[in-house]
Amino acid sequence: MSDYHFNSIEAKWQKYWAENQIFKAENNSEKPKYYVLDMFPYPSGAGLHVGHPLGYIASDIYARYKRHQGFNVLHPQGYDSFGLPAEQYAIQTGQHPAKTTKENIKRYREQLDKIGFSFDWSREVRTSDSEYYKWTQWIFIQLFESWYCNIHEQAFPISELIEIFNEEGNIGLNAKCGNKQPEFSADMWNSFSEEKQQKILLNYRLTYLAETEVNWCPQLGTVLANDEIVNGVSERGGFPVVKKKMTQWSMRISVFAERLLNGLNHLDWSESLKETQRNWIGKSVGASVEFRVVNEKEEFKGIVIKTFTTRPDTIYGVTFLTLAPENELVDKITTIEQRVEVAKYITTTAKKSERERLADVKNITGVFTGAYAKHPLTKELIPIWIGDYVLAGYGTGAVMAVPCGDQRDYDFAKHFNIPIKNIFEGVDISEKAHTEKEGTIIANSDFISGYSYKDASNKVIEALEKNHRGEKEINYRLRDAVFSRQRYWGEPFPVYYKNGLPQMIAEEYLPIRLPEVEKYLPTETGEPPLGRAINWAWDTNTNKIVNSKLISKAELEGYEDNGIYPLELNTMPGWAGSSWYMFRYMDALNNNEFASKEAMDYWKNVDLYIGGSEHATGHLLYSRFWTKFLHDRGFLKVDEPFKKLINQGMILGESAFVNIIDLEFNNNENPLSLRLTYAISESDYKKIEQGEIEKVDLDIFKNHKEFKDFNFEMLDKSSVDKKNLRRKHVLVDYVDNSNILDLVGVRQWDPEFNLIEFVLNLDGNYIVSREVEKMSKSKYNVVNPDDICKQYGADTLRLYEMFLGPLEQAKPWSTAGITGVHSFLKKFWRLYHSPFEGGQGDVFNITENPASKESLKTLHKTIKKVQEDIENFSFNTSVSTFMIAVNELTSQKCTSKEVLEPLLILLSPYAPHIAEELWSKLGHSESISTAAFPKFEEKYLIESMKKYPISFNGKMRFTMELPLDLSKDEIESVVMSHKKTIHYLEGRTPKKVIVVPGKIVNIVG
RNA sequence: GCCUUGGUGGUGGAAUUGGUAGACACGCUGGAUUCAAAAUCCAGUGCUUCACGGCGUGCGGGUUCGAUUCCCGCCCAAGGUACCA
């Protein structure tokens, strides 16, 4: 007896693969390499749902396919195991995050193992493991010890910058830094105190400590990066975020902006993802333009307002300047008469939160400063205004307002009655600004009149540069990334503070391990959780972590410096560990380096990366940044981490709802008042919702004992109203494939259902409503892959997830459809246990008989299609192809090894367990994963006949089977003489007959 | 607003350079088998019409012998982004 017992087959092969380390990748191999990577998961307490493995299944199919193609495949997996949820849980329960993380990982691993992935687990990484974060700390130190040279567009060691300072000072230096540094000579540099030198260097380092305006989330008690904020609230938890000035570590990612932008051109990523990154980097090319502020006598006051514009061609249209309320020049230029009003305006805008200001876009507010500046070209006086439509954080926080060419400037000018000057030829600006660049001709603009946008811009920049009133400038939206988090469960910084200045701990003393704390909350004085650690000080004498009480009090009088200093209390953000993990997999057990040169030279970078698009502006940008940095410093040969990237679409859940109406019955005659809750059908629910019925079917209630003495005529109409309706989620486990609710189960699950009277249909069932939503625990629509594996098997799960639709598309999960692929696998099994050719049925039956022509054709058609599909990541269509193949081979009664053996290899990336099992039954002792992919041969597909579609005016009417070697004319004469042709022509003479040999015949007329 | 991706039966989705629209499944209908159910198998299933036929890939045009596919103009949905000067 040999049915398809998937549970035992799958357990058997999973054990075999693990015990024999079948998927262990070698760092030395004659074979070409291929690196397939999944975005590693955060091991949450909820475990995996069927949406999570989608990308893993796709990458696994590809990895297995590449092995069949003869590649040495690296396909690792690990865990992004630092993060907020474990810490929040720790705060609530007091459990150490390391403990819950470990438990969650164990559960994840069990779930992953059941799906039959070909991961090389010997290379597993965990970002929260100190042997891993040792190297995260090490990379941080390298960033601290580097600066960025603009001339070479490359990061260099800071020691080289110090040498330059020693010899030349910073005069003429073209380095990327924070605020523009005052110039100093070599002599001056050498005369500076050590402290002053360090402070100057901080402005050049690629990670630096600075007081910056950060996004502070009070509820989470931490700062957040821009990409961790969604619609003005925190991504995790949805809490409000406010701006706050704090001293924080930052990453100077902005210096890499241009390279991050250009690098995209060579990557095989989706256009939408590249576009998202381009928008996030936000390059604008334009010019800086300086306006000199003058006094009443029109004399230069020594104050320059620098503006940034992308439209230098509109410079003759400037009729005012606008400063952001936060601009520090505001105070310096405001006239005595305007001071009160300006102060009032600044106070009101400061009160508004970021969100309110954004929400209030339509309200135009502003105030005149009383001051004027001279136009750099016309020397006209330009009034200076303040307006909150100008943002302090972008460009210079000041704009040259050209109302005729910018809608915001236009609206502002209209609102405050500021003149609008038209500088465009033949354009009406009485209604709105003219913002179109292309095809616009400049007018009323002195030497640029008559020129196009492009030519005029270049001429203006030239003129400005000559007068030293401006220059060509490029601005990026991308800001430096805040790197400090006021949290416990993250990487500690390898940093201590001496006299308030940060010092790096030498590489040999890494890792700096996370200290124990008794609570995971901030301290009473508002310090981060690490402030609670008893031992959190660095002893520079012994190079060990010691008790915080020993910290040097040298700054106090009467104390000597004992060499013991406080350690950094912040930890690194979640993206620190995930920014370089793809390289760690190459040599995961290396204790001496983050990965050996040999390993990195061999594996280079990730050939195929699969993961969610939610990481477009976070992880995918940061890891590109770190890769470019490590490349510059000579630690990596490659300068992009991921060559090809695919975003798998989200699998949505099908939530189940009970439609509920809460009824209140009041009866004046009878002091009976009832509140009852009914679960009604979806159609009744919709009717009531749309006001189509005013009363629900009263018979339902009449049968109910509570209504024995009730006068239904008195039922208040208003009690059957939209407002009485609500929908309640039910756990999808209590709903079957026909949407019938398990009433007993659901009443046990949630006692509220005991108080609800269910209105049943004619079959005596309650049918739930379905709606597609994001799969989540709170929506009770989570489908667990373990349950699917248990009921149908991992091979079915794998096939079904692929069969659902195109990989990159979002699609709803419906367990109902899974029977289709499951019965395919059963048919597939039966094909190898057929009663044909002397088989017993139920007994393995493969013959050495030569295959029929049809069977060979089926096989080679399948090889061709499946190979193309895998290479195009069109996995859903190859599942269909397998189904067609099995249907055909079954009806052909095929038992030939010649056909059925290669078919196993084709299926094995998709359904590896069943393929291994049948492969071993064929007598192979090696795993099927070592077998070569079957070779497609065209000769089996060559046909001599073609079923031609015969169409009339483009409409197909009938088909005709004709030999393929017929000429155009022969086809035409055969078709024209066919009796059906004569019938469809109804006596008309065709104007034209189109014959495309091998394709189609179309008769026109 | 801007950018990106989409829009095909009751449902998920096929259709590689313009050439038989709806492959493959799910669901549904009918039948076989079964004491019965499950499982399995067979037939049918875009809409409309008794039928001949007509209509059909978001909408309106265009190119073409022929358009889901190419071009122009709209509509809708999802995702990204936004007083970014």
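These figures come from a predicted structure and were not determined experimentally. In what follows, every chain begins at residue 1, and chains take the letters A, B, ... in the order their sequences are listed.
Nucleotides B:rU16 and B:rU34 place their C1' atoms 47 Å apart, quoted to the nearest Å. Remark: the separation of the P atoms in B:rA43 and B:rA37 is 22 Å, to the nearest Å. B:rC72 and B:rU64 have their C1' atoms separated by 16 Å, given to the nearest Å. B:rU69 and B:rA14 are spaced 14 Å apart, taking the C1' atom of each and rounding to whole Å. Remark: the separation of the C1' atoms in B:rA15 and B:rG80 is 30 Å, to the nearest Å. B:rG54 and B:rU4 are spaced 40 Å apart, taking the C1' atom of each and rounding to whole Å. Rounded to whole Å, the P atom of B:rU63 lies 37 Å from the corresponding atom of B:rC50. B:rC42 and B:rU57 are spaced 33 Å apart, taking the P atom of each and rounding to whole Å.
Atoms CG (A:Leu645) and C1' (B:rU4) sit 15 Å apart, rounded to a whole Å. In this entry the distance linking CD1 of A:Ile281 with P of B:rC84 reads 19 Å, nearest Å. As a whole-Å value, the separation of A:Asp3 CG from B:rA39 P is 14 Å. Rounded to whole Å, the distance from NZ on A:Lys826 to C1' on B:rC41 is 13 Å. In this structure, the CG atom of A:Leu391 is 17 Å from the P atom of B:rU81, given to the nearest Å. As rounded to whole Å, 12 Å separates atom P of B:rU81 from atom CD of A:Glu614. Distance, A:Gln407 CD to B:rC2 P: 13 Å, rounded to whole Å. At whole-Å resolution of the value, NZ in A:Lys283 and C1' in B:rA82 are 20 Å apart.
Note on residues 986-1005 of chain A: no pairs pass ring-ring contact (aromatic ring centres under 6.0 Å, His included), not counting sequence neighbours.
With RNA chain B read from its 5' end, the first of the two nearest nucleotides for A:Ala810 and A:Lys947 is the one closest to A:Ala810. In this structure, A:Glu271 and A:Ala398 both approach RNA chain B, and ranking their closest nucleotides by distance from the 5' end singles out A:Glu271.
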Each nucleotide of nucleotides 24-29 of chain B classed B (base within 4.0 Å of a protein heavy atom), S (only sugar-phosphate) or -, in 5' to 3' order, makes BSS---
Tell me, for nucleotides 56-73 of chain B in 5' to 3' order, what letter each nucleotide earns: B for a base near a protein heavy atom under 4.0 Å, S for only sugar-phosphate near one, - for neither? B--------BS-------
Would you give a per-nucleotide map of nucleotides 74-80 of chain B, 5' to 3', where B means the base has a protein non-hydrogen atom under 4.0 Å away, S means only the sugar-phosphate does, and - means neither? ------S
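With its glycosidic angle more than 90° from 0, B:rG44 is assigned anti.
Using a 4.0 Å cut-off, no side-chain N or O of A:Ser270 falls inside it from OP1 or OP2 of B:rU5. Using a 4.0 Å cut-off, no side-chain N or O of A:Gln809 falls inside it from OP1 or OP2 of B:rU5. Here A:Arg477 does not reach the OP1 or OP2 of B:rA85: none of its side-chain N or O atoms lies under 4.0 Å away.
Side chains of A:Ser878 and A:Tyr910: a donor on one and an acceptor on the other come within 3.5 Å. For the residue pair A:Ser284 and A:Tyr394, a side-chain donor N or O sits within less than 3.5 Å of a side-chain acceptor on the partner. Judged by distance alone, the side chains of A:Ser613 and A:Asn647 never bring a donor and an acceptor atom under 3.5 Å apart. With hydrogens and angles left out, the side-chain atoms of A:Ser874 and A:Thr877 include a donor and acceptor closer than 3.5 Å.
Residue-level contact check: A:Arg278 touches neither bases nor backbone, having no heavy atom under 4.0 Å from any strand. Among the atoms of the strands shown, only primed sugar atoms or phosphate atoms (P, OP1, OP2) are found under 4.0 Å from some heavy atom of A:Asn876. Using a 4.0 Å heavy-atom criterion, one finds that A:Lys274 contacts no nucleic acid atom at all.
The ring-ring contact (aromatic ring centres under 6.0 Å, His included) search around A:Tyr832 returns A:Phe828, not counting sequence neighbours. Considering only residues two or more places apart in sequence or on other chains, A:Ile740 meets the side chain to side chain contact (heavy atoms under 4.5 Å, CB included) condition with A:Asp736, A:Ser738, A:Asn765, A:Ile767. In terms of the side-chain hydrogen bond (donor to acceptor under 3.5 Å, both in side chains) criterion, residue partners of A:Arg770 (sequence neighbours excluded) are, by chain and number, A:Asn739. Residues forming a side chain to side chain contact (heavy atoms under 4.5 Å, CB included) with A:Ile1000 (at least two apart in sequence, or on another chain): A:Pro949, A:Ser951, A:Val996. Scanning for salt bridge (Lys or Arg N to Asp or Glu O under 4.0 Å) contacts around A:Glu868 gives A:Lys864, with sequence neighbours left out. Residues meeting the side chain to side chain contact (heavy atoms under 4.5 Å, CB included) test with A:Asn953, sequence neighbours left out: A:Val1004. Residues meeting the side chain to side chain contact (heavy atoms under 4.5 Å, CB included) test with A:Leu964, sequence neighbours left out: A:Glu943, A:Lys946, A:Tyr948.
Taking the six-membered ring wherever Trp is involved, the centroid distance between the rings of A:Phe412 and A:Tyr389 falls below 6.0 Å.
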For A:His978 and A:Phe958, run ring pair (Phe, Tyr, Trp, His ring centres under 6.0 Å): C-alpha distance rounded to whole Å, both residues' side-chain angles, the deciding distance at 0.1 Å, then the answer. CA-CA 11 Å; A:His978 194 276; A:Phe958 63 96; 5.1 Å; yes
Using Watson-Crick and G-U wobble pairs whose two distances are both under 3.5 Å, how do you write the pairing of RNA chain B as dot-bracket, with | for links to another strand? (((((((..(((......[....)))((((((.......))))))(((....)))..(((((..]....))))))))))))....
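For the pair A:Ile423 and A:Thr314, the tightest heavy-atom approach, listed with the atom from each and the gap, is CD1-CA, 3.5 Å.
Between B:rG19, B:rA85, B:rG54, one nucleotide has an atom nearer to the side chain of A:Lys999 than all others, and that is B:rG19.
At a cut-off of 3.5 angstrom, counting only N and O atoms as typed in the model, there is a donor on one side and an acceptor on the other between the side-chain of A:Glu868 and the base of B:rU16.
A side-chain hydrogen bond (donor to acceptor under 3.5 Å, both in side chains) with A:Asp411 holds for exactly one of A:His415, A:Gln407, A:Arg408, A:Lys414; it is A:Gln407.
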